[in-house]
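Written out below as structure tokens is the structure these notes cover.
Sequential numbering from 1 along the given sequence is applied to the chain's residues.
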Amino acid sequence: MKPSNTIIRVYRGSITESIHRVHLAVVNAQGTLLHEAGDPQFLTFARSTAKLIQALPVIESGAADHFGLDEAEIALCCASHNGEAEHVSTAQGILGKLGFLHTHLQCGAHEPFHAPTAQAMRERGEAPTTLHNNCSGKHSGMLTLCAHLEASPDTYMSLEHPVQQLMLEAVCAMSEMPKAQMQLGVDGCGVPVFGMPIQHLALAFARLGSPDALAEARANACQRIVAAVRKYPQFLAGSDRFDTRLIEVTKGRIIGKMGAEGIFALTIPEKGLGFVLKIEDGNQRALYPAVVEALKQLSLLSESEVSELRSFHTPTVHNWQGTEVGIIRPDFQL
């Protein structure tokens, strides 16, 4: 692994208290590496960035149309959502179209990411369900494909299940990773997760946004996913979340998705670019400052857009009293 001199500094007062190292790969739809930092072959799991690619078989199989999934529901299939009311009701709506209940979701339950929603639920004495899980949209999409294939919903998370095999094949094809070389693990929500060099994941995102060279059914699925997320960015993440704000601020020019352990993947369809950035130590606090700074330096964000994303670009550090005691700043030149 090549060491990275691309870093994010965490200041407390005037002292650098911590440093996070960054790896970056930017490619076009032909797979040409255009920009890099650190090690563009850095091997890591795609985590939730893969959700947009995993949604492809739900559409190209005909499942989405068979069950009448609308654009908001397609966007939610790609989401790591906040668990806000509209996210929960939309996931429930997908399941209703299938004749399923929230108990069919095997992703587990956790409190909503959206703090006000979680607090209101605690005050009501309301326990979270699987619908509040940030991955309930993805799992609802998996069950949509499962129902269309007339496969068992009981084992849909298993790697051997036809749903997971179709998603594995889509990720391998889009990233040009041979199936035998794809590293597999188990994601936080229990389904297979895909490990590959970040340059390969960037290729998948370049093709997602610029799918002209793909087969017609896959190209159409790519276009529909990008269109759905552009139209309903709040369903990709939610209130006060970077993924949603990046789409809103750029008016859909940039479509990006975070993943756990400090990974972010995006596509810029009009430029035919895929971009993947990984924080080496997996710390999420360094992720968005690094993404905004890299996009700024590559002239992929305007100054006004960077300004609108300032709270993500240079977030402040606070103590338990709410006093500002430091700042997180990018310190690199691409």
Side-chain angles (χ1 to χ4, degrees), residues 25 27 29 31 41-64 69 74 76-80 104-108 134-209 211 213-222 224-225 257-261 263 265 267 274 276 278:
V27 307
Q41 291 297 312
F42 188 87
L43 177 64
T44 192
F45 284 112
R47 300 302 298 267
S48 285
T49 66
K51 288 176 177 176
L52 284 82
I53 312 301
Q54 288 171 287
L56 291 173
V58 180
I59 296 174
E60 63 189 355
S61 67
L69 268 59
I74 289 172
L76 195 77
C77 288
C78 303
S80 298
H104 284 88
L105 297 171
Q106 297 178 24
C107 51
N134 74 97
C135 297
S136 66
K138 176 178 73 172
H139 281 248
S140 297
M142 289 176 174
L143 284 171
T144 301
L145 181 54
C146 184
H148 188 62
L149 297 173
E150 299 182 351
S152 170
D154 298 334
T155 56
Y156 77 88
M157 296 204 306
S158 169
L159 177 61
E160 292 73 30
H161 194 281
V163 165
Q164 299 303 334
Q165 283 296 305
L166 285 172
M167 292 185 173
L168 172 59
E169 289 166 9
V171 173
C172 287
M174 290 289 284
S175 63
E176 283 194 358
M177 277 293 292
K179 193 173 179 179
Q181 295 179 27
M182 183 69 77
Q183 302 293 308
L184 297 173
V186 180
D187 215 333
C189 62
V191 297
V193 62
F194 314 103
M196 69 189 89
I198 61 173
Q199 185 173 344
H200 282 265
L201 182 58
L203 173 60
F205 270 75
R207 288 175 165 174
L208 176 70
L214 304 180
E216 183 178 357
R218 178 147 296 168
N220 175 66
C222 289
R224 288 180 63 181
I225 286 169
K257 178 76 188 72
M258 61 75 67
E261 296 297 328
I263 190 165
T267 182
V276 172
K278 168 70 178 178

First locate atom [atom1] of [X], then atom [atom2] of [Y], and finally report the distance between them rounded to the nearest 0.5 Å.
| X | Y | atom1 | atom2 | result |
| --- | --- | --- | --- | --- |
| Ile225 | Ile53 | CD1 | CD1 | 7.0 Å |
| Thr49 | Ile263 | OG1 | CD1 | 5.0 Å |
| Leu76 | Ser136 | CG | OG | 5.5 Å |
| Cys172 | Gln181 | SG | CD | 9.5 Å |
| Gln164 | Cys146 | CD | SG | 9.5 Å |
| Tyr156 | Leu145 | OH | CG | 12.0 Å |

Has [X] got a side-chain atom pairing as donor or acceptor with [Y]'s backbone, closer than 3.5 angstrom?
| X | Y | result |
| --- | --- | --- |
| Thr267 | Phe205 | yes |
| Gln165 | Leu159 | yes |
| His104 | Leu143 | no |
| Lys278 | Glu261 | yes |
| Gln106 | Pro153 | yes |

How close do [X] and [Y] get, heavy atom to heavy atom, and via which atoms?
| X | Y | answer |
| --- | --- | --- |
| Ser152 | His161 | O-NE2, 2.7 Å |
| Cys78 | Lys51 | O-CB, 3.4 Å |
| Ala202 | Ala25 | CB-O, 3.8 Å |
| Leu69 | Cys77 | CD2-SG, 4.1 Å |
| Cys189 | His139 | SG-NE2, 3.2 Å |
| Pro192 | Met157 | CD-O, 3.4 Å |

Margin query: Checking side-chain polar atoms at under 3.5 Å, does Ser80 have a donor or acceptor matched by the opposite partner on Lys138?
Written below: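 Not at all, the side chains of Ser80 and Lys138 share no donor-acceptor pair under 3.5 Å.
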Note to self: For a side chain to side chain contact (heavy atoms under 4.5 Å, CB included) check, start with the C-alpha distance between Val171 and Met196, then their side-chain angles and the critical distance, and finish with the verdict.
What the structure shows: CA-CA 10 Å; Val171 173; Met196 69 189 89; 3.7 Å; yes
Note to self: Applying salt bridge (charged side-chain N to carboxylate O under 4.0 Å, His left out), can you list everything that pairs with Glu176, at least two apart in sequence or on another chain?
What the structure shows: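 Only Arg207 meet the salt bridge (charged side-chain N to carboxylate O under 4.0 Å, His left out) criterion with Glu176.
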Notebook entry, point to check: Are Glu160 and Thr155 close enough, and set up right, to give a side chain to side chain contact (heavy atoms under 4.5 Å, CB included), and what steps lead you there?
Noted result: CA-CA 9 Å; Glu160 292 73 30; Thr155 56; over 6 Å; no
Next item on the list: Evaluate the side chain to side chain contact (heavy atoms under 4.5 Å, CB included) criterion for residues Ser175 and Leu203: first the C-alpha distance (whole Å), next the side-chain angles of each, then the deciding distance (0.1 Å), finally the verdict.
Entry: CA-CA 5 Å; Ser175 63; Leu203 173 60; 5.6 Å; no
Check: When you look at His200 and Val276, which way does the side chain to side chain contact (heavy atoms under 4.5 Å, CB included) test go after all the steps?
Finding: CA-CA 9 Å; His200 282 265; Val276 172; over 6 Å; no
